Each structure stands twice: as structure tokens, then as C-alpha cells.
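Since the structure comes first, as C-alpha cells, the remarks are kept for the end.
Whatever order the structure lists them in is the order used to number ligands and atoms, beginning at 1. Keep in mind it's a predicted model, so treat the numbers as computed, not measured. Excluded from the calculations below are hydrogen atoms, water molecules and symmetry mates; all remaining heavy atoms, backbone and side chain alike, are included.
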Amino acid sequence: MYLTRHEEALLAGEEGFGCQRAMELLVALGKIYDADRLIPIVSAHLSGVSYKTMGEGGLLFLKELSGDARVTVPTTLNPAGMDLQRWRGMGVDANFAAKQIEIITCYSHMGVETTCTCTPYVIGNLPGIGEHVAWAESSALSFINSAVGAMTNREGGPGALAAAIVGATPEYGLHLKENRAATIVIEVGDIREIFDLSLLGQAVGPIVGGGIPYFRGIHPELEGMKLLAAAMAASGSVAMFHVEGLTPESDEQVLDGLEAISIGRRELDVAKESLQTADEPELIALGCPHLTVKEVRELAKMLEGKQRVKDVEVWFCTSRSVRDECTKEVEVLERFGKVVCDTCMVVAPIEDQYSVTGTNSAKACNYLPTLCSQKVVCASARELLEGLM
Ligand code: F3S
């Protein structure tokens, strides 16, 4: 892989240990994927934040790196393992909290914006069409490839961090226009509500694997795109998709000769059944990916004037920035549960307190059994919340 003089100097350790480690990682990735060179990026988004998923090894690596390395492009952070301000109210233990705060401090020291959200694109980290970025967080990177037309590979946490430090990433995969073409056409019928888009992603992910589906028959807004992106990234390994008339590159696609399949009510029902392993949740958790302002407002409207009867823990997961923008709606939601910031039902240590979680997110339904030892109730937000009244 060709390196500029500056990149050679970073690799030789002339700007410190952290930059050297970052360059070593990028060069290794470039070799694996046969990249010709590094290309500049305009932003990064990092995963690998929760102490639950990083553990002691991850914290040590971060401590080492944060000694002298700093990010050189705007860089945001995925959810942590707890609400950084109200972790006691979540039942998180003090040892976990101390480790989590160490992780956040390391990132902050490196110049990372400690946003702790998986929807950075609604709080200011929004690249433009054709701009190269290095994003981890499978739902967010698929969203910006597909809804925005920015260009990123499915980065892991360390790769995205290395790119953020160097300000560049190896040029391969979805950074190259020719690799962003649709590989299969999905004709969709009978979408009735936004929850169905999550089920659609669940149904399509295993069929397309790492391919690039082209959807016809759906017209999702931002919230629907984020659910679809999240579900397909979890049930398959989709990092990009086209929605006809919506994805910036969708009108350039050549569809003749591609395999086409139809997804309708039957497939959506099968997808839901495949995720459902219980009936009565102990925890209801909404906001995977994190709730937007619009979703917070819709939930508040749904709950306004209602009384809860059942005593089930409820979390509305969102970013601190969205929470701060919705103070009135947050008051309504907090009569039913907790508006939890900086974290989510998957990366928080919920297994210490609950064994059955209800959620409307197919992505969360995929991960809750394996990462959180949960049984799962998969239902729309309305169904889950009506079960409380
Ligand atoms: Fe976000 Fe957690 Fe879901 S990071 S996409 S809310 S699993």
C-alpha cells in the first residue's frame, strides 16, 4: 500500500506510540483488503465503549493509546454501559461505573466527543453525499451509506479509532463506487407500521448476508431507515442498501439480471416469531437505535393522559442531546419509566437484574439472548406499552 511521507513518519513512530499503533493497524487492514492507499476521512464514529463489552483488556489498550494519541477528525462515541449521570437509578454497581468512567475519560482525553449514542447523525455528526468516513456501529454506518450517501466500510471499534487518529482509512470496499451496487432486488408489500420495517430487516438480513439489497415498495422516513439498517446489520451483515427513490445512488442502479424476491405479511410474521421467546417482559426497552426527537414526541403523545397499572421497568433509550431537546415529552415518559441516556438495553449489564426483555427492535432481539442472557418479547412500541395499562 502506498504511504505518503507523513504516513511513513507516523508508522516509524515519529509522532508517538499511539499514532504508530494506529498506523500499524491501518496498514494491516489495507494489506488484508488489498487497498492501494489511505484516503482522508471527514469524521469517525467509534464503538467499543461499554465496559461490559470491552472488559479489562479493552480498557488497558485504550489507556495505552490515550497516553499520546489524539483524534484528528470530528469523532463521536457509541453508547456506554450506563447512563453517565443516573447510573445508580439503573441499578449499576459502583465498580462497573468506575471502570466505565475510566473508559469515557480515556476517549475524552483523546479528543473524542463523548456523545454516547448510536444515532450520531441526528446530533451533528452528519457527513455529506460522497464523503468518506470511518464509522463503527453497524446500524449507524449502514444508515449513512444508505440514507445519506456517505461512504464507509463496516469498521470495527479499533479500526475506526485508528482512522480517527490518523485522519484516513484504507481505500477498499464501500469506499469504492463500484462496490456499492445493488446485488438483489426486494419487492416489499403490506408494510402497515414502522415496526414492520424492523421485521423487514430481520427477514431480509439472512437472505442477503453481506450483499446490498435494493428495496421497492417502501417509503421510510429517517426513523424507518434507522430501524431497517439496524435489523439487517444484526440479522445479516448488511452495511449498505438502496431504497428506490430515497438512497442517493438508487437511481444509478442497474437492476436487470439481478435476483428478485418478494417479502410480505407472511415473511414479516415469520421474522417476528423467530425472535420471540417469551410473553411477559420484566423490562420494556425502546430506543434501539436511540430514539429521535420525533420518536420521543410520538411516544409522549401515545402516553399522554394514560395511567400505568402494571409494575414493569420501562426504559426509553436516547441521546442526552435528544433528551435535552424534549423536556416536556420527557416528563410524560418518566411517568411510565426512565428516559435513559448514554446507553442501551444491549450494552448495559441488564442481565444482573432482568431475564425477560420486551423491545420493538429486531436488532436488540438478536443480541439480547446472547449478550444479555435474556428471553425476548418482540412487539411494537404500542403493544408493549399498552400491556402496562
Ligand atoms: Fe444502539 Fe444499542 Fe441498538 S448501541 S443500535 S441501541 S444495540
Side-chain angles (χ1 to χ4, degrees), residues 45-54 76-84 90 100 103-104 107 114-123 125 135-147 154-157 160 194-195 197-198 201-202 205 222-239 275 283-292 295-296 299 314-323 337-351 354 357-374 376 378 381 384:
H45 178 74
L46 311 181
S47 62
V49 186
S50 170
Y51 181 63
K52 170 172 148 175
T53 51
M54 287 182 78
T76 46
L77 205 57
N78 227 27
M82 62 187 201
D83 187 311
L84 297 175
M90 294 175 64
Q100 186 61 71
I103 291 171
I104 299 297
Y107 279 123
T114 53
T115 47
C116 296
T117 180
C118 49
T119 54
Y121 45 84
V122 298
I123 63 157
N125 188 356
W135 282 30
E137 172 44 45
S138 59
S139 70
L141 68 91
S142 180
F143 178 92
I144 56 155
N145 273 324
S146 314
R154 187 172 167 139
E155 299 286 352
I194 190 162
F195 175 54
L197 291 169
S198 203
Q202 178 64 25
L222 182 152
E223 286 72 15
M225 287 294 274
K226 86 177 162 77
L227 285 177
L228 184 57
M232 283 193 293
S235 65
S237 51
V238 175
L275 295 170
L283 167 69
I284 292 174
L286 305 175
C288 170
H290 274 175
L291 297 170
T292 62
E295 287 173 312
V296 169
L299 286 168
V314 180
W315 289 2
F316 303 98
C317 302
T318 190
S319 62
R320 191 158 298 284
S321 164
V322 167
R323 184 186 202 279
K338 298 182 176 84
V339 175
V340 169
C341 300
D342 315 315
T343 188
C344 78
M345 65 297 270
V346 171
V347 296
I350 63 166
E351 57 279 11
Y354 311 104
T357 297
T359 182
N360 60 344
S361 162
K363 174 175 176 177
C365 290
N366 276 283
Y367 290 141
L368 283 166
T370 47
L371 295 178
C372 309
S373 309
Q374 299 292 293
V376 169
C378 177
L384 289 165

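Tested against H290, the residues N78, T119, T117, D342 include a single side chain to side chain donor-acceptor pair (under 3.5 Å) partner, T117.
Relative ring orientation between Y121 and W135 is described as parallel, the plane-to-plane angle staying below 30° on a 0-90° scale split at 30° and 60°.
Among the atoms of C288, none of the N, O or S atoms falls under 2.8 Å from atom 1 (Fe) of ligand 1.
Proximity to V346 (heavy-atom distance under 4.0 Å) selects the following atoms of ligand 1: 7 (S). Heavy-atom proximity to S139, at under 4.0 Å, picks out these atoms of ligand 1: 5 (S). Listed by number with element, the atoms of ligand 1 under 4.0 Å from a non-hydrogen atom of G287 are 6 (S).
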#### Entry: Chi angles and distances behind the side chain to side chain contact (heavy atoms under 4.5 Å, CB included) call for M232, S142
CA-CA 9 Å; M232 283 193 293; S142 180; 5.5 Å; no
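Using modelled atom types, one finds a donor on one side chain and an acceptor on the other under 3.5 Å when comparing E223 with T292.
At a threshold of 4.5 Å between non-hydrogen side-chain atoms, the residues T318 and V339 count as touching.
Of the protein's heavy atoms, P79 CG, 3.6 Å lies nearest to atom 4 (S) of ligand 1. At the shortest separation from atom 1 (Fe) of ligand 1 among protein heavy atoms lies C118 SG, 2.4 Å. Looking at atom 5 (S) of ligand 1, its nearest protein heavy atom turns out to be K363 NZ, 3.4 Å.
Using a 4.0 Å heavy-atom cutoff, S361 is absent from the residues neighbouring ligand 1.
Salt-bridge annotation for E137 and K363: present, with a side-chain N of the basic residue lying under 4.0 Å from a carboxylate O of the acidic one.
A donor-acceptor pair is defined here as one N or O able to donate and one able to accept, closer than 3.5 Å; no such pair exists between the side chain of Q374 and the backbone of C365.
Contacts between C344 and ligand 1, counted as non-hydrogen atom pairs separated by less than 4.0 Å, involve the side chain only.
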